[in-house]
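Taking it in order: structure first as structure tokens, then the write-up.
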There are 2 protein chains.
Amino acid sequence: MKLSTKGKYGLIAMADLAIAYINNPNDSYLVLKTIANKRNISEAYLERIIAKLKKADLVRTQRGSLGGYSLAKHPSEIKVSEVLYELEGKLDVGGCSEVNDKSCKVKENCFSQIVCEEINVKIRDVIENMTIEDVLKSYLNKMKEQ
Amino acid sequence: MKLSTKGKYGLIAMADLAIAYINNPNDSYLVLKTIANKRNISEAYLERIIAKLKKADLVRTQRGSLGGYSLAKHPSEIKVSEVLYELEGKLDVGGCSEVNDKSCKVKENCFSQIVCEEINVKIRDVIENMTIEDVLKSYLNKMKEQ
DNA sequence: CTCCTTTCCAACTAAATAAGTTGGTATTCC
DNA sequence: GGAATACCAACTTATTTAGTTGGAAAGGAG
């Protein structure tokens, strides 16, 4: 039931890239090693995570020395759901929401589906209406309060 | 990120017990094998699941022949959260909501926590305000519509 | 009291998933 | 040409999930 480290590290990396992007939208490339070291994440592992985000056009890259990773668009244009769906799959709580789930052996009256569907709606509601920019802002507000 | 079969089977068993309970609150013991067969669930596995629910005082038992399992109280008095917390643990989406999470290696500014906490609130909101009776009723309404 | 049916319980195993590593290739700047 | 970087696939390890096995204890029926 937990968010895996893929989703977690992905969000963290996106937030770090977002800070760089806001500071200087034209030239905001960050080196992977920098993020990985700062966050205590395995470099090779983070690379594989961020590669998926590139394939989803959320991140762009510059190769060679002086290269690095940057957001592909403004943090306000990137939904949290886009990041998480790419890294975690569907991110719902119950697998049998599909009509033809062959793997589910429960024959009829699957009561757990009632519960799962209600939770799934709420999860979607949160992550599809929250951008990377929102995450940054929430974080700053949280810091102010303390 | 999925609800495990523990939670799923647990909810299903509770709903089956609830139906028996409503039909006859005084003598509503169901044999485990009956539920397991009806639902295509391994008997031994379901037994271990329901044992946890007993320990949490959600289910009571009668041993020996003519024995079986029954709800310990009315379905309207059993929250879905009680069932799921017992079987799935905390059922939140992010592990680092605790202050002293030693396992988390991310040093600071854990942006994923912002997202997770918002989702966690919503999940709790759903399952702590939904009883086993509600699940049954929702199911019946759903059937009517079709 | 004996047999049958049931719950109860602990230890074991198998399968799947998550998490991370290794060893390299391709680009680009200096 | 060398250093620094992104890119990529195959492999390994650790953890969790999903069960299974083999019984012991309790209670009712004959």
Side-chain angles (χ1 to χ4, degrees), chain A residues 1-10 12-13 17 27-37 39-56 59-72 84 87-91 93-95 103-106 112, chain B residues 1-10 12-13 17 27-37 39-56 58-70 72 84 87-91 93-95 103-106 112:
Chain A
M1 248 314 281
K2 308 293 178 215
L3 201 69
S4 76
T5 54
K6 269 183 222 157
K8 184 173 170 179
Y9 294 168
I12 290 170
L17 292 177
D27 182 28
S28 65
Y29 287 96
L30 283 190
V31 172
L32 184 79
K33 189 186 278 186
T34 309
I35 303 176
N37 286 347
R39 300 304 190 176
N40 249 26
I41 301 171
S42 145
E43 206 179 321
Y45 190 43
L46 184 58
E47 183 208 297
R48 283 199 6 205
I49 290 167
I50 219 168
K52 287 191 179 183
L53 298 176
K54 189 195 173 179
K55 216 161 53 182
V59 159
R60 67 184 172 205
T61 59
Q62 173 73 50
R63 297 180 73 163
S65 63
L66 299 194
Y69 294 89
S70 163
L71 292 192
L84 291 183
L87 298 174
E88 299 271 345
K90 268 194 72 192
L91 202 79
V93 100
S103 71
C104 181
K105 295 176 298 180
V106 174
S112 86
Chain B
M1 247 316 281
K2 308 295 177 211
L3 200 69
S4 76
T5 54
K6 269 183 224 157
K8 184 174 170 179
Y9 295 166
I12 290 171
L17 293 177
D27 181 27
S28 65
Y29 287 95
L30 283 189
V31 172
L32 185 79
K33 191 186 277 185
T34 309
I35 304 177
N37 287 347
R39 300 306 190 174
N40 249 26
I41 300 170
S42 146
E43 206 180 320
Y45 190 42
L46 184 58
E47 184 209 298
R48 284 200 4 206
I49 290 167
I50 219 168
K52 287 191 181 186
L53 298 176
K54 189 197 171 177
K55 218 162 51 182
L58 302 175
V59 160
R60 66 183 173 208
T61 61
Q62 173 73 49
R63 298 178 73 163
S65 64
L66 300 193
Y69 294 89
S70 162
L84 292 182
L87 299 174
E88 300 271 347
K90 271 194 71 190
L91 201 81
V93 100
S103 72
C104 181
K105 294 178 300 180
V106 175
S112 87

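Remember, predicted model here, so these are calculated numbers, not experimental data. All chains are named by letter (A, B, ...) in the order of the sequence lines, taking the proteins before the strands, and each is independently numbered beginning at 1.
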| For atom CD1 of A:I41 and atom P of C:dT21, their distance in whole Å | 12 Å

| How many Å lie between OH on B:Y45 and C1' on C:dC9, as a whole number? | 16 Å

| query | Looking only at heavy atoms, what is the nearest atom pair of A:I12 and B:S112, with distance? | reply | CG1-N, 4.4 Å

| said: Rounding to an integer number of Å, can you tell me how far A:Y9 OH sits from C:dA19 P? | reply: 8 Å

| request: Take the protein atom CG of B:L87 and the nucleotide atom P of D:dT17, then report the distance between them rounded to whole Å. | output: 12 Å

| task | Looking only at side-chain atoms of B:S42, point me to the closest of D:dT20, C:dG20, D:dA4. | result | D:dT20

| Which pair of heavy atoms, one from B:K8 and one from B:L3, lies closest together, and at what distance? | N-CD2, 4.1 Å

| request: Give the rounded distance in Å between these two atoms: CG of B:N37 and C1' of C:dT5. | output: 15 Å

| said: B:K33: which residues meet the side-chain contact (heavy atoms from CB on, under 4.5 Å) condition with it, sequence neighbours left out? | reply: B:V31, B:N37, B:E43

| In chain order, what residues pass the side-chain hydrogen bond (donor to acceptor under 3.5 Å, both in side chains) check against B:K54, with sequence neighbours excluded? | B:T61

| query | Which heavy atom in B:T5 sits nearest to a heavy atom in B:I49, and how many Å separate them? | reply | O-CD1, 4.5 Å

| Short side-chain N/O contact from B:T5 to OP1 or OP2 of D:dT17, under 4.0 Å | no

| query | Can you name the side-chain hydrogen bond (donor to acceptor under 3.5 Å, both in side chains) partners of A:S4, sequence neighbours left out? | reply | A:E88

| message | Checking A:Q62 now: which residues fulfil side-chain contact (heavy atoms from CB on, under 4.5 Å) with it, not counting sequence neighbours? | response | A:Y29

| request: Round to the nearest Å and state the distance from A:I49 atom CD1 to C:dG20 atom P. | output: 8 Å

| field | Divergence of helical axes at both termini of the helix from C:dC1-D:dG30 to C:dC30-D:dG1 - five pairs an end, 10° steps | value | 0°

| query | Atom CG of B:L17 to atom P of C:dT7: distance rounded to whole Å? | reply | 11 Å

| In B/S/- notation, 5' to 3', how is nucleotides 6-14 of chain D contacted by protein heavy atoms closer than 4.0 Å? | BBB-B----

| request: Check B:G7 against B:L87 and note the closest heavy-atom contact, atom names and distance. | output: CA-CD1, 4.1 Å

| task | Calculate the interatomic distance between A:L66 atom CG and D:dA4 atom P; express it in whole Å. | result | 11 Å

| request: Identify, with sequence neighbours excluded, every residue that meets side-chain contact (heavy atoms from CB on, under 4.5 Å) alongside B:A56. | output: B:L58, B:E86

